[in-house]
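Here's the structure, in structure tokens; my notes come after.
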2 protein chains.
Amino acid sequence: MTEVVEDPISPEQDLGSDGAVDAGIYQQILQDILEGRLTANERLKVRALAERYGTSTNPIREALQQLRGEGFVLFTANRGARVRPIDEDFARDIYEVEAQIEPYLTSWFVGIATNDDIRRLELVQDEIEALGFDDPLRHSELDTQFHQIIYDGHYNRHAADLWWRHREILRAIARRFPYSMVRRKEIISEHRQIIEKIRLQDAAGAAEVVRMHIMGSGRHIVEHMRSARIRKL
Amino acid sequence: MTEVVEDPISPEQDLGSDGAVDAGIYQQILQDILEGRLTANERLKVRALAERYGTSTNPIREALQQLRGEGFVLFTANRGARVRPIDEDFARDIYEVEAQIEPYLTSWFVGIATNDDIRRLELVQDEIEALGFDDPLRHSELDTQFHQIIYDGHYNRHAADLWWRHREILRAIARRFPYSMVRRKEIISEHRQIIEKIRLQDAAGAAEVVRMHIMGSGRHIVEHMRSARIRKL
DNA sequence: AGTTGACAGATAATGTACGATCTGGAAAGT
DNA sequence: ACTTTCCAGATCGTACATTATCTGTCAACT
């Protein structure tokens, strides 16, 4: 699809009004990797990319270096860059790390959450349930928003950034797959439980539910990936 | 003895003390940031850096982009890069994340550790205690080695990489400060406890000790930073 | 004949040089 | 004192040079 809906989420990206096809070479390459247009282990030749994105080689080289720093691209000396395979192992690695970090972020939030915060969570959750899962993109946005309410004000910016980056990756992968019926019910139930634990100011309980939530979501994704991979053989 | 200083630390880094071996512009800049030779918020002008490291501008630009991806430098459009301040908040953010990740890494290790692994841990720990804390650099190496034994074989490479990066940062900061007497005793005690929990195959126990270990170490560093900052006023 | 190894050309990464464009601030003008 | 103009300095993009790696051919050897 050419309908690249600018993600309504990304924190500081201001995206210059309309067209502005530029949007940064970096952003474009990253999207192409996450959406699978640049496939696993594919070689990233600077001249070809320069052609593709309508620029010269230096911006490409710099974007690739940035992506290298973020771990999306692998370099070999004198042999250039290739796309880091985003396979099941990688997805598992990420959600297991998230299963450690998000409970930590959440339990702090419990201590500072106001009634207003809880109301906002409920509003988002209401919308999620009202929407059903028919519009996956919209659901993904709302789900991100739900967790963002919890993590955004955290004093640990490093952890929050980490969360955001990981989320971006998982979201891009998950976009390829539908939610099972079971998973849908779990998501709703777990979100409600999270809200409830926050309301009760039960930090440990909230952390535990979040951990379950992440693990369940992660397993769901990995199972889909495995299934899709096997189907291809 | 095995006094072969086989650089047990950095995976591929050469670091020939004063040989000024190239070692990559990236490594040099990173070291200069971590060691404080490039100070917080200092502007990183490509021309100046090119001069400094004896190369031309492109390698500098690419190294800076990589560092940007890793979060060590910040960019502003059309105004280039500056050093990300590595202050107390940043250090705290990092060690709190580590306090989540390292217990997770450790508890898995407990399940696969062999007698040989335990012996290696004990050997390193023996050396740490034999050395005392007189040679801070050597101690830092050994301490890193100790934890590396535990994390290096982990299946979650992403988490292990994260650990390594965080460790590098904290190590560079900690280098500036001495260990208090209390802290020395704690370190030794905690290491011994970790070994013991591993031997007993008590994953939860090991994880908990590690968490304490990280938190203690982190607080120690932050207190030093605070003290040093206040002293400067 | 088939395999191996070395050489040459092609291809692409890495480094250097330069011009276009943007920013910030000093100097000139009101 | 407050704009406005202008310029020095730096970033960002383009073009080119150098160096390393890959590929295919051909000769030498088993």
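Because only heavy atoms are used, hydrogens play no part in the values below, and waters and symmetry mates are left out as well, while side chains stay in. So you know, we letter chains A, B, ... as the sequences are listed, proteins then strands, and number each from 1.
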Partner set under side chain to side chain donor-acceptor pair (under 3.5 Å) for [X], not counting sequence neighbours:
X        : value
A:Glu127 : A:Arg138
B:Thr57  : none
A:Arg165 : none
B:Arg79  : none

Within residues 54-70 of chain B, which residues have any heavy atom lying less than 4.0 Å from an atom of DNA chain D? B:Arg61
With sequence neighbours left out, write down each residue that passes ring-ring contact (aromatic ring centres under 6.0 Å, His included) with B:Phe90, or none if nothing qualifies.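 With neighbours one apart ignored, the set is A:His158.
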Who are the ring-ring contact (aromatic ring centres under 6.0 Å, His included) partners of A:Tyr151, not counting sequence neighbours? A:Trp163
Atom CZ of A:Arg43 to atom P of C:dA12: distance rounded to whole Å?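 A:Arg43 atom CZ is separated from C:dA12 atom P by 7 Å.
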Could you encode protein contacts along nucleotides 21-26 of chain C as a string, one character per nucleotide from 5' to 3', using B for base contact, S for sugar-phosphate-only contact and - for no contact, with a heavy-atom cut-off of under 4.0 Å? -SSS--
Would you mind classifying the nucleic acid contact of B:Arg47 as base, sugar-phosphate or nothing, using non-hydrogen atoms under 4.0 angstrom?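 Touches a base.
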For nucleotides 7-9 of chain D, print each protein N/O atom paired with a nucleotide N/O atom at under 3.5 Å, atom names and distance only.
none

I'd like to check the side-chain contact (heavy atoms from CB on, under 4.5 Å) partners of A:Arg82; sequence neighbours left out, ordered by chain and number.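 Scan of A:Arg82 (side-chain contact (heavy atoms from CB on, under 4.5 Å), adjacent residues dropped) gives A:Asn41, A:Leu74, A:Thr76.
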B:Arg219: side-chain contact (heavy atoms from CB on, under 4.5 Å) partners, not counting sequence neighbours: B:Tyr95, B:Met215
Within 45° cone and under 6.0 Å: B:Arg68 NZ/CZ vs B:Phe75 ring: yes
Centroid separation under 6.0 Å, is that true for the rings of B:His139 and B:Tyr179? yes
A:Asp143 and side chain to side chain donor-acceptor pair (under 3.5 Å): which single residue from A:Gln125, A:Arg171, A:Arg167 fits? A:Arg167
For the helix from C:dA1-D:dT30 to C:dT30-D:dA1, what angle separates the axis at the start from the axis at the finish, each from five pairs, in steps of 10°?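 End-to-end axis angle for the helix from C:dA1-D:dT30 to C:dT30-D:dA1: 0°, rounded to 10°.
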